There are 2 protein chains.
Amino acid sequence: MTPARTATGNATGRGRRAARSVGDERELAILATAERLLRQRAFADISIDELARGAGISRPTFYFYFPSKDAVLLTLLDRVIEEADAAAGDVLDRLAEDPRARWRELIGRFHETFGAHRAVVLACAQVRGTNAEVRHLWAAVLERWVQAVETAIEAERRRGAAPDGVPARDLAIALNSMNERVWYATFAGDGPAVAERDAVDVLRDVWLSAIYRDTDPPPA
Amino acid sequence: MTPARTATGNATGRGRRAARSVGDERELAILATAERLLRQRAFADISIDELARGAGISRPTFYFYFPSKDAVLLTLLDRVIEEADAAAGDVLDRLAEDPRARWRELIGRFHETFGAHRAVVLACAQVRGTNAEVRHLWAAVLERWVQAVETAIEAERRRGAAPDGVPARDLAIALNSMNERVWYATFAGDGPAVAERDAVDVLRDVWLSAIYRDTDPPPA
DNA sequence: GAGGCACGTCAACACCATGTCGAGTTCCGT
DNA sequence: ACGGAACTCGACATGGTGTTGACGTGCCTC
């Protein structure tokens, strides 16, 4: 068996330690090292040894804090998701005020949050293929966002601002998928991509067209 | 240095051997084994040894045929892309005949091709994060498709069927990105996804809305 | 028909990253 | 000052990758 494992005061519960003490800063140091290294190279090219050295500990000690390299990324992803949720706020509830402006605000906030943590986002997208935990966490988060958008689209249809068409859920999935992939390409910078400063406007226009069949739908 | 390396009569040039002979069937056997194994588990969980055994050769011998596991996937991807290009044909040139039907035809053909080789497509998406060659090949192919769509959108705008809006290239990128991600989710089956039989219709409607701001644009 | 050469094959090896074990050390509360 | 939890790491086991070098084996040539 491995040492300690209670994970009590731990905000995310992804690491394996209890609250207070020396190790807290070590755990943070590992996280910080990971985010720094990710800005330089791909996740797969970072070894556990580097993460450990960067945090001033030996490789075996790394395992005291995290069960694997992937767990570190998962913790980083948790934070970004939390930040994105906070940034999105209740914009969707105020859609009818001014649909064009509100949708842009929503998309723009995600764009900013992901852009600020592009290294983490990119790494997760890359690892998603091989790591089931990242895949499931991302799937769960996406499901939440899809449902929120689905509900918003239905509300807009109900008030007569948006025409009927394909099921709101399918539309929500397609649009969220588009954003994800477009951001990935934009932030990764390889392959055809929309310029970073145009991305939000392009995305918004496709969303408006798809939902309202109009790029400037009427407010309530 | 490694043995043989001319790669002459080799259709794709991804392997390392010259034309004819015993080895030809071995190379094909490796490819077939890979595609079969890919239907059962993720690319990362397949070892070179399994590929070799499956083709009736030893692991070192595998290296006689392919420089790495990734090269096998690359060859498989080449084939799928070729098939997709063939399936797409000249549909885009006949858009004005009946835009709604033609766009559906185009999207539907890609859907069928990718669906028929989902194991390869999924594996490539997963490996793209870690393998630069797959990433570049995919980027190049996408660029071609994006350009074709961009040209088509511009033609539709010129003939007055589609309204002006965001740059045609950006629109083409966004729509192609959407398709890619939606298909990935649909074929992978984890996370929110559009049902396989609805995917083409949903995608088509978003394309039509985004390009024409109308789900049934007029023919020439 | 013998010699040469390109094709094809593999045992054995070197390497490197991951993960584990067990024996420490340090720190804190009592 | 002591007992246990937090923390640390040297040394090892494992498993996959890629390389080396020597060995068949068929076929083309002269």
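Hydrogens, waters and symmetry mates are skipped; everything else that's a heavy atom, side chains included, is used. Just so it is clear: chains get the letters A, B, ... in the order the sequence lines come, proteins before strands, and each one is counted from 1. Just so we're clear, the structure is a prediction, and the values are computed from it rather than from any experiment.
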If you fit an axis to the five pairs at each end of the helix from dG1(C)-dC30(D) to dT30(C)-dA1(D), how big is the angle between those two axes, to 10 degrees?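 Inter-axis angle at the ends, rounded: 10°.
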Just grab all the salt bridge (Lys or Arg N to Asp or Glu O under 4.0 Å) pairs involving residues 51-63 of chain B, residues at least two apart or on different chains.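 Listed once each, the pairs are Asp49(B)-Arg53(B).
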Side-chain N or O of Tyr65(A) versus OP1/OP2 of dT8(D): is the shortest distance under 4.0 Å?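 It does, given that an N or O in the side chain of Tyr65(A) lies less than 4.0 Å from OP1 or OP2 of dT8(D).
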Roughly how many Å is it from [atom1] in [X] to [atom2] in [N], rounded to a whole number?
X: Ile30(A); N: dC7(D); atom1: CD1; atom2: P; result: 11 Å
X: Asp70(A); N: dG19(C); atom1: CG; atom2: C1'; result: 13 Å
X: Glu25(A); N: dC27(C); atom1: CD; atom2: P; result: 12 Å
X: Phe62(B); N: dG18(D); atom1: CZ; atom2: P; result: 8 Å
X: Arg26(A); N: dC7(D); atom1: CZ; atom2: C1'; result: 9 Å
X: Glu27(A); N: dC7(D); atom1: CD; atom2: C1'; result: 13 Å
X: Phe66(A); N: dG19(C); atom1: CZ; atom2: P; result: 14 Å
X: Tyr63(B); N: dG16(D); atom1: OH; atom2: P; result: 12 Å

Residues [X] and [Y] bridged, charged N to O under 4.0 Å:
X: Arg169(B); Y: Glu143(B); value: yes
X: Arg109(A); Y: Glu105(A); value: yes
X: Lys69(A); Y: Glu50(A); value: no

Knowing that exactly one of Val72(B), Thr75(B), Thr61(B) qualifies, which makes a side-chain contact (heavy atoms from CB on, under 4.5 Å) with Ile30(B)?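 Exactly one option meets the side-chain contact (heavy atoms from CB on, under 4.5 Å) with Ile30(B), and it is Val72(B).
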Would you say the side chains of Trp138(A) and Glu180(A) form a donor-acceptor pair under 3.5 Å?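 Present: a donor and an acceptor within the cut-off.
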If the condition is ring-ring contact (aromatic ring centres under 6.0 Å, His included), which residues does Tyr184(B) pass it with, not counting sequence neighbours?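 Tyr184(B) satisfies ring-ring contact (aromatic ring centres under 6.0 Å, His included) with no residue once adjacent residues are dropped.
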Would you say the ring centroid of His117(A) lies under 6.0 angstrom from that of Phe187(A)?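 Centroid distance His117(A)-Phe187(A): not below 6.0 Å, so no.
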I'd like to check the side chain to side chain contact (heavy atoms under 4.5 Å, CB included) partners of Asn131(A); sequence neighbours left out, ordered by chain and number.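 So Asn131(A) forms a side chain to side chain contact (heavy atoms under 4.5 Å, CB included) with Asp70(A), Val127(A), Glu133(A), Val134(A).
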Measure all distances between protein nitrogen or oxygen atoms and nitrogen or oxygen atoms of nucleotides 9-13 of chain D, and list the pairs falling under 3.5 Å.
residue	atom	partner	partner atom	Å
dC9(D)	OP2	Ser58(A)	N	2.9
dC9(D)	OP2	Ser58(A)	OG	3.2
dC9(D)	OP2	Thr61(A)	OG1	2.9
dC9(D)	O5'	Ser58(A)	OG	3.4

Return the residues of residues 33-52 of chain B meeting this criterion: a heavy atom under 4.0 Å from some atom of DNA chain C. Order them by number, or give none.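 Nucleic-acid contacts, sorted: none.
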